[in-house]
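One structure, pasted below without further comment.
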Amino acid sequence: MKAVKLEDKRPTWTSKYAFIITAIGSAVGLGNIWRFPYVMGQNGGAIFLAVYILIISTICFIPLINELYIGKLTKKECVGAYESINPKFKYLGVLNPITGVLISAFYFIVGGWIINYILKSLINNDVIDYGQYFSEFIQSPLYPCLLTVLFLFICVFITARGIKKGIEITNKILMPLLAIILLFLVIISINLPEANKGLEYMFKPDFSKLNSHMILAALGQAFFTLSIGMGALLTYGSYIKEDKNLVKSTYTIILSDTTFAILAGIMIFPAVFSFGMEPNSGAGLVFVTLPKIFSQIPCGNIIAFAFFILLFCAAVTSGISIVEGPCATLVERFKISRVKACSILFCIISLLAIPATLSFGILSDLTIFGQTIFDFLDFLTSNIMLPVNTLFLCLISGWYLKINGVNIINNKIFALLFDIGLKFAVPTALIALVYMGLK
Ligand code: PFF
């Protein structure tokens, strides 16, 4: 394996637990609670779940541990990490913080919607048509923009406070809270009448629904939910002081993330079936279908409040990891303070996020390759940039750096599988993902 240049003084996690909880915090986000249930709903339920579990526990393990390992090895932010492998790779590294900034522009919009629903659940006003309410809300010119900027400010503020006082503490508080609220809501949901229909939908596979499109949807979802491909985990990995068992840490992250996604499904689908709603209503599942259900159950406002707080916690812990990648790059490359770096990011992301927020309303006619700004940013980052960045990092590690599985994994057979996966299987899957995305 080639040698890499190491960095001197940088912040580190206070403990291994701090690293794991923040990495889980990055992974568990809107991808698990908002995106996973609706992608599963659109792709046949249980069979999607089976394919997803298979993919996330095998193929995704490789790029995930690879990203953490490169961070831990180089002890640098993304651009520096790529540069220390070969100065020419610096430009590939730059794609990571750029992806982070682009992802935040659409991720934080949904964060703003969540704040709106939290506030709404506090004010007991009756809505007749939730579909209409949601579309009127996202189309309005001012309010969603203000909420997007507010959500962005919260994430940037926490990131600016630093690794220990900001990111670590937030995750240590919000992640257990998230788990408690999720379990509370799961218990309520599985006790609803006819909840078993929802559980059947989640766990009884219909093999006739297996197809290549669904497999790629599961692959895309798995990469997105694990936060692979924009250097967030590389940056988190670079703050590791000591982790002798990166394999165990990686599996802990995968297992926790998958558990949260499955529990989110168990929370949502029994309720959806119990109230005779459609499981395949897409992105509106959480913002239209669920509020409709909450309005029909006793103490619905409290449950709605708990649910949107849950979403908020998940979105914040992921949001700060999205900001941390570009923030670390600005701090370490331009030798500026975190506060300055975060202020710059706040301005840049706002400039992108505001037009994207308005793309549901007054800017809906402004399209890029036939898509609104929001849809284009979602497509560009999730379908193209995350897989392309991951592809580059796998190729660099496997073919240039010639990382050996035995350096990371104790078991010889698994180490060999890792080598094959890193060089061949994962790049092939990623190319298929990008190809399908572009089709
Ligand atoms: N994993 C996050 C989620 O599931 O919502 C989204 C995300 C966070 C993607 C950080 C990429 C990233 F770097």
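The first residue of the sequence shown is numbered 1, and numbering continues consecutively from there. In listed order, ligands and their atoms are each counted from 1.
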- Hey, which of Phe379, Phe108, Phe360 is the one that makes ring pair (Phe, Tyr, Trp, His ring centres under 6.0 Å) with Phe374?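 Output: one option passes, namely Phe360.
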- Item | atom 2 (C) of ligand 1: nearest protein contact (heavy atom, Å) |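 Nearest protein contact, heavy atoms only, for atom 2 (C) of ligand 1 is Ser26 O, 3.4 Å.
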- Could you tell me whether the side chains of Glu77 and Thr329 share a donor-acceptor contact shorter than 3.5 Å? yes
- Task: Would you check whether Gly31 has a nitrogen or oxygen atom less than 3.5 angstrom from a nitrogen or oxygen atom of ligand 1?
- Result: yes
- Think Lys423 forms a cation-pi with Trp399, using NZ or CZ under 6.0 Å from the six-ring centre and within 45 degrees of its axis? yes
- Decide if the gap between the ring center of Phe89 and the ring center of Tyr82 is smaller than 6.0 angstrom. no
- Query: Under 3.5 Å, N or O to N or O, is Ala232 touching ligand 1 that way?
  - Reply: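 Checking ligand 1 against Ala232, no N or O pair falls under 3.5 Å apart.
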- Message: Just to be sure I read this right, does ligand 1 sit under 4.0 Å from the backbone of Ile322, its side chain, both, or neither, counting only heavy atoms?
- Response: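 For Ile322, only side-chain atoms sit under 4.0 Å from ligand 1.
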- Query: atom 9 (C) of ligand 1: which protein heavy atom is closest, and how many Å away?
  - Reply: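 Result: Phe224 O, 3.5 Å.
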- Query: Is Arg10 positioned over the aromatic face of Tyr239, cation under 6.0 angstrom from the ring centre and no more than 45 degrees off axis?
  - Reply: no
- How does Ser227 reach ligand 1, if at all, at less than 4.0 Å between non-hydrogen atoms: by side chain, backbone, both, or neither?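 Looking at Ser227 and ligand 1, atoms from backbone and side chain both fall under 4.0 Å.
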- Side-chain donor-acceptor pair under 3.5 Å between Arg338 and Thr159, yes or no? no
- Met230: numbered ligand 1 atoms lying under 4.0 Å from its heavy atoms: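 Matching atoms, with element in brackets: 11 (C), 12 (C), 13 (F).
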- Query: Does the separation of the ring centres of Tyr38 and Trp34 fall below 6.0 angstrom?
  - Reply: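 They qualify: ring centres under 6.0 Å apart.
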- Does any donor atom in the side chain of Ser227 or Ser26 lie under 3.5 Å from an acceptor atom in the other side chain? yes
- Query: Of all the atoms in ligand 1, which lie at a distance below 4.0 Å from a heavy atom belonging to Ser321?
  - Reply: 10 (C)
- Task: Could you tell me whether Ala27 and ligand 1 have an N or O pair separated by under 3.5 Å?
- Result: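 Such a contact does occur with ligand 1.
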- Item | Non-hydrogen atom of Tyr107 closer than 4.0 Å to ligand 1 | yes
- Query: Does Ile103, backbone or side chain, put an N or O under 3.5 Å from an N or O of ligand 1?
  - Reply: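 By distance alone, the answer is no.
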